[in-house]
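Notes to accompany the following structure.
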Amino acid sequence: MSIIVKNLGKTYSIPVKKSGIKGTLSHFFNRNYRQVEAVKNISFIIEPGEIVGFLGANGAGKTTTLKMLSGLIYPSEGEVRIAGYTPFRRQPQFLQKTSLVMGQKQQLLWDLPTLDSLRINGAVYKIPDKIFKQRLQELSQMLSIEDKLTQPVRKLSLGERMKAELLAALLHNPQVLFLDEPTLGLDINAQVAVRKFLQDYNQRYQSTILLTSHYMADITALCKRVLLIHQGQLIYDGDLEKIFAKFSPYRQVNVELANSISADRLANYGNVETIDGQAVRFLVKQENLIAMINCILDQLEVIDLNITDPSIEEIIGHIFKTNSI
Ligand SMILES: Nc1ncnc2c1ncn2[C@@H]1O[C@H](COP(=O)(O)OP(=O)(O)OP(=O)(O)O)[C@@H](O)[C@H]1O
Ligand SMILES: [Mg+2]
């Protein structure tokens with residue numbers, strides 16, 4: 001099931017309205033539109049069984065692309081072929097083979113137990129009863145939510161809800177999976193569980209997965225290859241290692257100091273990324289982390305300290321700054 005994308009583009013027409021009542025009236029009779037080129041001329045091929053990370057800053061065009069690939073919206077230009085199908089025709093055979101999961105949108109019905117929504121999906125996709133049961137058992141075990149299926153969705157935790165969404169999206173055994181921020185807003189444990197599940201699922205069924213995430217850890221755990229999109233254009237398609245290896249061993253150390261200290265003095269402790277009053281962020285290599293923190297705690301008056309991974313946006317920002325593509 002390969003995914004072939006050729007010169008794909010999407011331009012949205014957005015109505016623009018002048019302010020005031022006059023503007024509203026003239027808008028009503030004579031609409032003006034502004035064009036937004038969300039995706040411009042992108043091409044790539046994904047082979048069956050690959051997991052590819054789709055990266056880009058906010059508004060880069062990731063969701064728009066995924067919507068075109070899954071047939072939710074029409075492309076303005078170019079074409080998409082998935083196992084020979086054109087997504088926006090939404091032929092039943094195409095829908096059987098693909099699934100789109102959006103972290104910020106839910107398909108399960110809020111007041112119903114997950115199981116009821118799953119039964120509806122089973123009927124929509126015409127899954128035979130025996131296969132439905134098998135699939136349900138297998139997936140709910142892999143996701144460890146067997147005991148939550150009879151609870152109304154609104155009573156599930158965020159992580160459990162995402163697992164239930166994945167279960168619903170995978171019930172019909174799609175071979176191609178589009179995931180738009182499947183770990184959005186989840187706590188660390190739930191993020192790890194979803195990540196682990198996707199890894200197992202891909203290995204067990206050799207499904208093809210295209211995934212966006214704002215968490216670098218998702219991408220490093222799952223994807224060997226990444227596509228990098230910037231202002232609608234594809235600017236990198238290749239090994240994750242090649243562009244990100246330089247950044248993945250780094251951690252951010254965020255320190256809140258009791259008093260302001262000069263940038264010069266702070267530079268003694270490590271690479272200062274930002275200073276905002278008494279809040280300082282250092283970028284530190286993993287291997288120097290402990291020594292550096294000990295040094296800071298020893299020599300400076302610290303109110304608070306925590307360690308984070310650089311976000312994908314920050315890493316992309318670094319790549320542009322250092323022109324390292
Ligand atoms: N339905 C729409 N109508 C008009 N413009 C849109 C629509 N959907 C997206 N856009 C615009 O298209 C551009 C790309 O948006 P898109 O949602 O694809 O970005 P994204 O990479 O998914 O960003 P994020 O990381 O924030 O989810 C943005 O400028 C956005 O404002
Ligand atoms: Mg998006």
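These values consider heavy atoms only, across backbone and side chains, with no hydrogens, waters or symmetry-generated copies. Counting starts at 1 for both ligands and their atoms, following the listed order.
Here is the list of ligand 1 atoms found below 4.0 Å of a heavy atom in Ile14: 4 (C), 5 (N). Residue contact check: Glu181 has heavy atoms under 4.0 Å from atoms 25 (O), 27 (O) of ligand 1. Listed by number with element, the atoms of ligand 1 under 4.0 Å from a non-hydrogen atom of Ala38 are 12 (O), 13 (C), 14 (C). Residue Ala57 has at least one heavy-atom neighbour below 4.0 Å for each of these atoms of ligand 1: 21 (O), 25 (O). Remark: ligand 1 atoms within the under-4.0 Å shell around heavy atoms of Thr64 are 14 (C), 15 (O), 16 (P), 18 (O). Each of the following atoms of ligand 1 lies closer than 4.0 Å to a heavy atom of His214: 25 (O). Interface of Asn58 with ligand 1, defined as ligand atoms under 4.0 Å from a residue heavy atom, comprises 23 (O), 24 (P), 25 (O), 26 (O).
Polar contact with ligand 1: absent for Gly56 (N/O pair, distance under 3.5 Å).
Not one N or O on the side chain of Thr11 forms a donor-acceptor pair closer than 3.5 Å with the backbone of Gln35. Of the possible polar contacts, one joining the Thr208 side chain to the Gly49 backbone as a donor-acceptor pair under 3.5 Å is found.
Given atom 17 (O) of ligand 1, the protein heavy atom at minimum distance is Thr63 CB, 3.7 Å. For atom 28 (C) of ligand 1, the closest non-hydrogen atom of the protein is Gly59 O, 3.8 Å. If you check which protein heavy atom lies closest to atom 9 (C) of ligand 1, you get Tyr12 CE1, 3.4 Å.
Distance remark: protein heavy atom not present below 4.0 angstrom from atom 30 (C) of ligand 1.
Screening Asp180, Thr183, Leu55 for a side-chain contact (heavy atoms from CB on, under 4.5 Å) with Ser213, the sole residue that qualifies is Thr183.
Excluding waters, the protein N/O/S atoms found under 2.8 Å from the Mg ion (ligand 2) are Thr63 OG1.
At a threshold of 4.0 Å, the pair Asp309-Arg251 counts as salt-bridged, since one of the basic side-chain nitrogens sits closer than that to a carboxylate oxygen.
Counting heavy atoms closer than 4.0 Å to ligand 1, residue Asp180 contributes nothing at all.
Annotation: side chain to side chain donor-acceptor pair (under 3.5 Å) contacts of Arg154 (sequence neighbours excluded): Asp111.
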